[in-house]
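Working notes, structure below.
Quick note: residue numbers are just sequence positions, from 1.
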Amino acid sequence: MVVEFSDDGRGIAWDKVARKAAERGLDTSSHEALVKAIFGDSFSTKDEVTEISGRGVGLTAVSAACQELAGTITVESESGAGALFRFSFPTDGVAVSKLTGASE
């Protein structure tokens, strides 16, 4: 099962992601490494933290929920062209039953 979310916003500033990841000593050698960074614990590209953003917990929670369902995440984004988040889950029924609350 595949679930996709996309927007037509500014897109992900991969250069800023790479800079912040490098500051934290994270791998920045590939697109996959940068995607892994944005889902990392407490990772944010925001310079200032507010009540609703910049703490780096949102995507970490999304990643944890996806992993719990044995899923994978891919991210496609270009500056000025929005972003696409694709979540793929196994079709063996486990993920579907957890998503819907049905018993296995």
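- Side-chain heavy atoms closer than 4.5 Å link hydrophobic residues (I, L, V, M, F, W, Y) into clusters, and following such links, even through other members, never connects Leu84 to Phe89.
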Under 3.5 Å, which donor-acceptor pairs do the side chains of residues 3-13 form with other protein atoms, sequence neighbours left out?
{"unit_1": "Glu4", "atom_1": "OE2", "unit_2": "Arg86", "atom_2": "NE", "d": "2.6"}
{"unit_1": "Glu4", "atom_1": "OE2", "unit_2": "Arg86", "atom_2": "NH2", "d": "3.1"}
{"unit_1": "Asp7", "atom_1": "OD1", "unit_2": "Gly9", "atom_2": "N", "d": "3.1"}
{"unit_1": "Asp7", "atom_1": "OD1", "unit_2": "Ala83", "atom_2": "N", "d": "3.0"}

When you look at Val75 and Phe39, which way does the side chain to side chain contact (heavy atoms under 4.5 Å, CB included) test go after all the steps?
CA-CA 11 Å; Val75 179; Phe39 287 100; 3.8 Å; yes

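- Every pair passing salt bridge (charged side-chain N to carboxylate O under 4.0 Å, His left out) that includes a residue from residues 11-20 is listed here, sequence neighbours excluded: Lys16-Asp47, Lys20-Asp47.
- Qualifying side-chain contact (heavy atoms from CB on, under 4.5 Å) partners for Ala33, counting only residues two or more places apart in sequence or in other chains: Asp27, Ser30.
- Following chains of ILVMFWY side-chain contacts shorter than 4.5 Å, one cannot reach Val2 starting from Val62, and the two form parts of different hydrophobic clusters.
- Remark: Ser29 OG to Leu34 CG distance equals 8.0 Å, nearest 0.5 Å.
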Which is it for Ser77 and Phe85 under the side chain to side chain contact (heavy atoms under 4.5 Å, CB included) test, yes or no, and what are the steps along the way?
CA-CA 9 Å; Ser77 179; Phe85 287 74; over 6 Å; no

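- Applying the side-chain contact (heavy atoms from CB on, under 4.5 Å) rule to Ala21 yields the partners Leu26, Thr28, Ala37, Phe43; only residues at least two apart in sequence or on another chain are considered.
- With rounding to the nearest 0.5 Å, the separation of OG1 in Thr45 from CD1 in Ile38 is 9.0 Å.
- Residue pairs meeting the ring-ring contact (aromatic ring centres under 6.0 Å, His included) criterion with at least one member in residues 63-84, sequence neighbours excluded, do not occur.
- With sequence neighbours excluded, no residue forms a side chain to side chain donor-acceptor pair (under 3.5 Å) with Lys36.
- For the atom pair OG of Ser88 and CD1 of Ile73, the computed distance is 9.5 Å after rounding to the nearest 0.5 Å.
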